[in-house]
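Here it is, the structure in full.
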Amino acid sequence: MATTEHPPPSSLRTWMLEGLADMGKAGGHTGPHAQPEPPHKGQRWWRVMCLTGVDYFSTLGYQPGIAALAAGLLSPIATIVLVIVTLAGALPVYRRVAEESPHGEGSIAMLERLLTFWKGKLFVLTLLGFAATDFLITITLSAADASTHLVENPHLTSTLHDKQMLITLVLVALLGAVFLKGFLEAIGVAVALVAVYLALNVVVVIVGVWHVATAGHVITDWSSALTAEHGNVFAMVGVALLVFPKLALGLSGFETGVAVMPHVQGDEGDTEEDPRGRIRDTKKLLTAAALIMSVFLIATSFITTLLIPEKEFESGGQANGRALAYLAHEYLGGTFGTVYDVSTIAILWFAGASAMAGLLNLMPRYLPRYGMAPHWARAVRPMVIVFTLVGFLVTWIFDADVDAQGGAYATGVLVLMSSAAIAVTIAARRAQQRGWTIGFAVVSAVLLYVTVANVVERPDGVKIGACFIAGIILISLLSRLARAFELRVTSVTLDDMAERFVRDMASRKMRFIANEPDQRDKAEYRDKIEQIRADNDMPEQEDFVFVEVTVTDPSEFEASLTVRGEVLHNRYRVLTLESSSVPNALAALLLHVRDSTNCTPHMYFEWTEGNPFANFLRFLLFGQGEVAPVTREVLREAEPDRGRRPRVHTG
């Protein structure tokens, strides 16, 4: 709020922080949606579906192989279970999430409203840790799988067999470069990639089904082996249910589908407060993507299980992590197989785009607002660099191994889906929709079971998620500490009575007394004035206005400030404020008064009793404590010019 002159920023800094000044305002956007285009200038829902589809549809590159390893001959049946959970569970949940949270925050925003104060912030940070696990591992796992397809190509394997780590790092860097250049244009790239990839998969599926149909013994051999191994249909279904958690990666894509929701065009009459068209078209997006993917999952699991020898799915086998590519080379020749590999590599690489969009949409919406990230974290490009560097680290730690990252990826996906199911269950219950409440509760129970089973099966996933959570919480708390003395009031508004007080004082010395409201009786104000006069050796004719701050939610970081004036006991003028921090509110008021009157205001305090360190912790956590020195420090940081700085007096 200070008006001190600053040197003009460099062109690099301006480019890096483009859009930052417009973020954090009421109704404003952050992340990749800062200063968004009006809804009618957005993108058609099917184009945005391709953006989330680069993540969702790209799982065809590895999902059939995962299903074959997990379920063996039962892979098609286990995949049908996955499709049922997708269409009857995940899809209704995320259609409701889109309705309840239409600005891309997803279920985290819904759950944030249930908890307040620090417990709410820590809960959101935990969910953000799992979201970071999901989205970052999506970037690194997809890049690693793309490099696997490249290295395993028969024409290139001899040249690139020991270059997978380098190739993966290059792919992660290229994805970051796309976002540094500008992201919305990349939707066109996503449309082209998805169209080509799905078309090639249609060819592979048709050829695969034709080979299964013309070689009649294939189905007979498969059904005989199933019967011999499992006995009857009920046993098969039971085993399929047990192995279903291992197929959980096939549920990925819904969270990113909601994350890219702000790009959906909607209707001409849509507003940010009531984007009905965007909600409707996002539901179309989610439904279309789920139906397309369900058809492909069932068809590809069927043909890969029947046509690929079991040993080829195992580690080191030619179909490991690339089952459909194996079929493309085997039945359609090296040229088509290479084209399929190129398409798969491209979509797997670009699958990180929707994940990066999710990160850039979520993190800047929460962390800076909580004071738990630097101010520049609201800008897209610095965050792209941060996430790209973290992607390098994750790739190096996991040695670009797809299987090693699968557990963490599944854990992140399932935790977010479970939280979404719980959130919509609560929303339905509050809306007194008994049928939906029961239905969503059943879905929540299924997803929680799958999550727990996945954690038991692959505990490394939750360990990695815990590392992300611990990292986010530690960095967030350190950032909050580093920004403790930052002026965090976004605007100051005075009502008519408060304005009258300020105008009246502007004709003489502007003297305020910081008062902690107690009984608010006549004796309290009389004694306070006498104490201030005695402590500061001031004459009796000096005039004062009291300022009283009520702390609301001390865990909040940024907020606007409304100042109300009132006259108590027909004598004492009092300004009342509500804020998350007493010193910040007082400093913001003083700076506003100075700027609006061109006079230097003075504020008088009494020293706070108690240990200074304990008082500082009270300020950091509860917005109170050592008020006088903290107010002065906030003023010093906000106004470097000592001559223009409001005066703080303590006695």
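Keep in mind that this is a model prediction, so the values were computed, not measured.
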> For the atom pair CG (Leu198) and CG (Leu60), what is the distance rounded to the nearest 0.5 Å?
Replying inline: 7.5 Å
>> How long is the straight-line distance from CG of Leu324 back to OG1 of Thr344, given to the nearest 0.5 Å?
In response: 7.5 Å
>> As an exercise, state the distance from CZ of Phe398 to CE of Met165, rounded to the nearest 0.5 Å.
In response: 11.0 Å
> Would you find a donor on one side and an acceptor on the other, under 3.5 Å apart, between the side chain of Arg278 and the backbone of Pro102?
Replying inline: yes
>> With side chain to side chain contact (heavy atoms under 4.5 Å, CB included) as the criterion, how do Val178 and Trp349 come out once you've worked through the C-alpha distance, each side chain's angles and the decisive distance to 0.1 Å?
In response: CA-CA 11 Å; Val178 170; Trp349 162 66; 4.0 Å; yes
>> Which heavy atom of Ala146 sits nearest to which heavy atom of Leu171, and what is that distance?
In response: CB-CD1, 3.8 Å
>> Check Arg44 with Asp281, please: is the shortest side-chain N to carboxylate O separation under 4.0 Å?
In response: no
>> Could you go through Trp46 and Leu285, starting from their C-alpha distance and side-chain angles, then the distance that decides it, and tell me whether this counts as side chain to side chain contact (heavy atoms under 4.5 Å, CB included)?
In response: CA-CA 6 Å; Trp46 58 268; Leu285 179 160; over 6 Å; no
> Can you check whether Tyr197's main-chain N or O pairs, donor with acceptor, with Asn201's side chain at less than 3.5 Å?
Replying inline: yes
>> Quick one, Leu291 and Leu91 - any side-chain contact, counting heavy atoms below 4.5 Å?
In response: no
>> Consider side chain to side chain contact (heavy atoms under 4.5 Å, CB included). Of Thr304, Leu69, Thr79, Leu297, which one does Pro64 pass it with?
In response: Thr304
> Do the non-hydrogen side-chain atoms of Arg95 and Val424 ever get within less than 4.5 Å of each other?
Replying inline: no
> If you look at every heavy atom in Val205 and Ala299, which pair is closest and at what distance?
Replying inline: CG1-CB, 3.7 Å
> Will you find, in the side chains of Ser418 and Thr451, an N or O donor that is under 3.5 Å from an N or O acceptor?
Replying inline: yes
> What pairs with Glu100 under side chain to side chain donor-acceptor pair (under 3.5 Å), at least two apart in sequence or on another chain?
Replying inline: Arg96
> How far apart are the C-alpha atoms of Lys283 and Tyr94, what are their side-chain angles, what is the distance that settles it, and do they pass the side chain to side chain contact (heavy atoms under 4.5 Å, CB included) test?
Replying inline: CA-CA 8 Å; Lys283 290 181 178 180; Tyr94 277 92; over 6 Å; no
> Under 3.5 Å, side chain of Ser101 to main-chain N/O of Ala98, donor-acceptor pair present?
Replying inline: no
> With sequence neighbours excluded, what pairs up with Phe130 under the ring pair (Phe, Tyr, Trp, His ring centres under 6.0 Å) test?
Replying inline: none
>> Would you compute the distance between atom CD1 of Ile469 and atom CG of Leu127 and round it to the nearest 0.5 angstrom?
In response: 8.0 Å
>> For Thr86 and Met293: C-alpha separation, side-chain torsions, deciding distance, then whether side chain to side chain contact (heavy atoms under 4.5 Å, CB included) applies.
In response: CA-CA 10 Å; Thr86 298; Met293 190 62 175; over 6 Å; no
>> Rounded to the nearest 0.5 Å, what separates atom CE in Met49 from atom OH in Tyr56?
In response: 11.0 Å
> Between Ser343 (side chain) and Val339 (backbone), is there a donor-acceptor pair under 3.5 Å?
Replying inline: no
> Is any side-chain heavy atom of Tyr326 less than 4.5 Å from a side-chain heavy atom of Glu312?
Replying inline: yes
> Counting only N and O atoms by type, is there a donor-acceptor contact under 3.5 Å from the side chain of Thr59 to the main-chain atoms of Asp55?
Replying inline: no
>> Going by side chain to side chain contact (heavy atoms under 4.5 Å, CB included), Phe350 matches just one of Val194, Ile345, Leu193. Which one?
In response: Leu193
>> If I compare all heavy atoms of Ala325 with all of Asp341, which pair ends up nearest, and what's the gap?
In response: CB-OD1, 3.4 Å
> Heavy-atom distance under 4.5 Å between the side chains of Leu174 and Val170, does that happen here?
Replying inline: yes
>> Check whether Trp45 reaches the backbone of Val264 with its side chain - one donor and one acceptor, N or O, closer than 3.5 Å.
In response: no
> Taking all atoms of both residues into account, what is the closest heavy-atom pair of Thr388 and Gly176, and its distance?
Replying inline: OG1-CA, 3.6 Å
> What's the shortest heavy-atom distance between Val172 and Ala143, and which atoms?
Replying inline: CG2-CB, 3.8 Å
>> Within the structure provided, determine whether Arg280 and Glu99 are in side-chain contact (heavy-atom separation under 4.5 Å).
In response: no
> Does a side-chain heavy-atom distance below 4.5 Å link Leu389 with Ile385?
Replying inline: yes
> Between OG1 of Thr168 and CD of Gln164, what distance do you get to the nearest 0.5 Å?
Replying inline: 5.0 Å
>> If I compare all heavy atoms of Met417 with all of Leu447, which pair ends up nearest, and what's the gap?
In response: O-CD1, 3.6 Å
> Any side-chain heavy atom of Val204 sitting closer than 4.5 Å to one from Phe336?
Replying inline: yes
> Thr138 versus Met356: any side-chain heavy-atom pair under 4.5 Å?
Replying inline: no
> If only atom types and distance count, is the side chain of Thr287 paired as donor or acceptor with the main-chain N or O of Lys284 below 3.5 Å?
Replying inline: no
